[in-house]
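Here the structure is laid out as structure tokens; the discussion comes afterwards.
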Amino acid sequence: MRHANKLRTLVICGLTAVANLAAAQTAACPQPVYLTLDTGHMGVAPLMAQVLQRQQVRVTFFAAQEKTQQGDGTLGQHWAPWWRERAAEGHAFASHTWDHAYWRADLKGADAGRFQIRPSSGVQAGQNLTWTAEQYCANLRQAAQRLQDITGQRPLPLFRAPGGKTSPALLQAARQCGFAHVGWADAGFLGDELPSDKFPNAQLLQKALARIRPGDILMAHLGIWSRQDPWAPAVLEPLIEGLKAKGMCFATLREHPQYKSWIAQHPLALSGHAVSGQ
């Protein structure tokens, strides 16, 4: 009986500590925005990391194994130290599919329950493929597993479909294997994918500062091949400073009210040992 009472006390104390920490985080960041960064060519990644360090901002990275300007892909050995440094700084990580695999359509007829998928990286890049739900889930897990192997940190049970392209059937398939989808707010589309001759950095910055509101999920990339005048880091730091000046602060998706309970209830079951959890 004494042992049971002691165990009950420890559990209550642990739950109280978690609740107090969450309350402290909310108090410290009463008007959060959630900056998320998807993988890209990584050419600007070191400079973006310097901005995040300088501004003491934590973000959520969605990672796929994409082609890079240097090295063997975003999740290859060349960039592994960079990811480990971000983990040590307290950033969060989640899957962007391994092959940066775009959903194209839900299939019908004899292929009902399957999806047309077009990867933009990997050995089948540019091909229209037919994947089962299990194949899509395996691609989600492959990126998450690699992130854990590199960082020692368990990724969040979240994912972002490349291009944000999904269907209800795809979202349901992903949820059944433990992944909830994360999009972005309309104002949170930061425009780094757009052509710089038509959407210059100054215009994108001004638009973002005028439209972003507390609670918004923001989205940009670690380098876009097609943009001639890179969005980052030129826009990143003034955007952060401008939003801070308006009373906003930055949090990872660990603290997002829409995803907190899902994250707590659906820890990813990956192989190997995570040094730190979610």
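Because only heavy atoms are used, hydrogens play no part in the values below, and waters and symmetry mates are left out as well, while side chains stay in.
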Spell out, as yes or no, whether a donor-acceptor pair under 3.5 Å connects the side chain of [X] to the backbone of [Y].
X	Y	answer
Asp72	His78	yes
Thr60	Ala92	no
Arg104	Ile117	no
Asn201	Pro230	yes
Gln65	Leu75	yes
Ser121	Asp99	yes
Thr97	Leu140	no
Asp192	His221	yes
Arg227	Leu194	yes
His181	Leu158	no

Handout entry: Within residues 68-153 or reaching into it, pairs that qualify as disulfide bond (SG atoms under 2.5 Å apart) - sequence neighbours excluded
Key =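 Output for this query lists Cys137-Cys177.
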Residue pairs, two or more places apart or on separate chains, that pass disulfide bond (SG atoms under 2.5 Å apart) and touch residues 76-107:
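Sorted pair list comes back empty.
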Verdict with reasoning, Gln206 to Arg211, per side-chain contact (heavy atoms from CB on, under 4.5 Å)
CA-CA 9 Å; Gln206 182 180 21; Arg211 297 180 63 217; over 6 Å; no
Proximity of [X] and [Y] rings by center, below 6.0 Å:
X	Y	value
His100	Tyr102	yes
His91	Phe61	yes
Tyr136	Trp103	no

Surrounding [atom1] of [X] (heavy atoms of other residues, nucleotides or ligands, distance under 6.0 Å), is the total greater than 12?
X	atom1	value
Asp197	CG	yes
Arg118	CZ	yes
Gln70	CD	no

Less than 4.5 Å apart, side chain to side chain, heavy atoms only: is that true for [X] and [Y]?
X	Y	value
Phe250	Val33	yes
Pro162	His96	yes
Leu37	Met48	yes
His256	Ile217	yes
Met248	Arg213	no
Thr36	Leu253	yes
Cys29	Glu255	no
Trp184	Leu218	no

Exercise. Validate the cation-pi geometry between Arg86 and Trp82: distance from NZ or CZ to the six-membered ring centre under 6.0 Å, angle to the ring axis within 45°.
Key: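 Flagged: Arg86 positioned over aromatic ring of Trp82.
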message = Given the ring of Trp262, does Arg175 sit roughly above its face, with NZ or CZ under 6.0 Å from the centre of the six-membered ring and within 45° of the axis?
response =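 Yes, Arg175 sits over the ring of Trp262.
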(message) Applying side-chain contact (heavy atoms from CB on, under 4.5 Å) to Phe93 and Phe62, what does each step give before you reach the verdict?
(response) CA-CA 6 Å; Phe93 307 94; Phe62 287 93; over 6 Å; no
Where is the tightest heavy-atom contact between [X] and [Y], given as atom of each residue plus distance?
X	Y	answer
Leu190	Ala220	CD1-CB, 4.0 Å
Pro233	Pro238	O-CD, 4.5 Å
Asp106	Phe115	OD1-CD2, 3.2 Å
Ser226	Glu193	OG-O, 4.2 Å
Pro30	Cys249	N-SG, 3.9 Å
Leu170	Thr166	CD2-CA, 4.0 Å

In Å and rounded to the nearest 0.5 Å, what is the [atom1] to [atom2] distance from [X] to [Y]?
X	Y	atom1	atom2	result
Leu239	Ile212	CG	CD1	5.0 Å
His41	Ile224	NE2	CD1	7.0 Å
Lys260	Gln265	NZ	CD	12.5 Å
Ile150	Arg84	CD1	CZ	7.5 Å
Gln56	Ile240	CD	CD1	11.0 Å

Does the side chain to side chain donor-acceptor pair (under 3.5 Å) test come out yes or no for Thr39 and Glu66, once each step is laid out?
CA-CA 7 Å; Thr39 41; Glu66 298 186 63; 2.6 Å; yes
Go through the structure and list residues passing salt bridge (Lys or Arg N to Asp or Glu O under 4.0 Å) with Arg160, not counting sequence neighbours.
->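 Scan of Arg160 (salt bridge (Lys or Arg N to Asp or Glu O under 4.0 Å), adjacent residues dropped) gives Asp38.
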Test Asn139 against Trp131 for side-chain contact (heavy atoms from CB on, under 4.5 Å), laying out the working first. CA-CA 10 Å; Asn139 214 254; Trp131 281 7; 3.6 Å; yes
Using a distance-only test with no angle check, is there a side-chain donor-acceptor pair under 3.5 angstrom linking Gln145 and Ser271?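 Yes - a donor-acceptor pair under 3.5 Å links their side chains.
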May I ask you to check whether Gln55 and Lys244 show a side-chain donor-acceptor distance below 3.5 Å?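 Looking only at side-chain atoms, Lys244 and Gln55 do form a donor-acceptor pair, the distance falling under 3.5 Å.
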Check against side chain to side chain donor-acceptor pair (under 3.5 Å), Thr151 and Gln148
CA-CA 5 Å; Thr151 66; Gln148 179 171 298; over 6 Å; no
Within one Ile-Leu-Val-Met-Phe-Trp-Tyr cluster: [X] and [Y], side-chain cutoff 4.5 Å:
X	Y	result
Leu156	Tyr259	yes
Tyr34	Ile263	yes
Met42	Leu47	no
Leu209	Leu204	yes
Trp231	Leu205	yes

>> Strictly below 4.0 Å, N to O, side chains only: are Glu237 and Arg54 in salt-bridge contact?
In response: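 Looking at Arg54 together with Glu237, the answer is yes, because their closest N to O distance falls below 4.0 Å.
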Would you sort out whether Leu268 and Phe179 count as a side-chain contact (heavy atoms from CB on, under 4.5 Å), showing the intermediate values? CA-CA 8 Å; Leu268 292 179; Phe179 292 88; 3.8 Å; yes
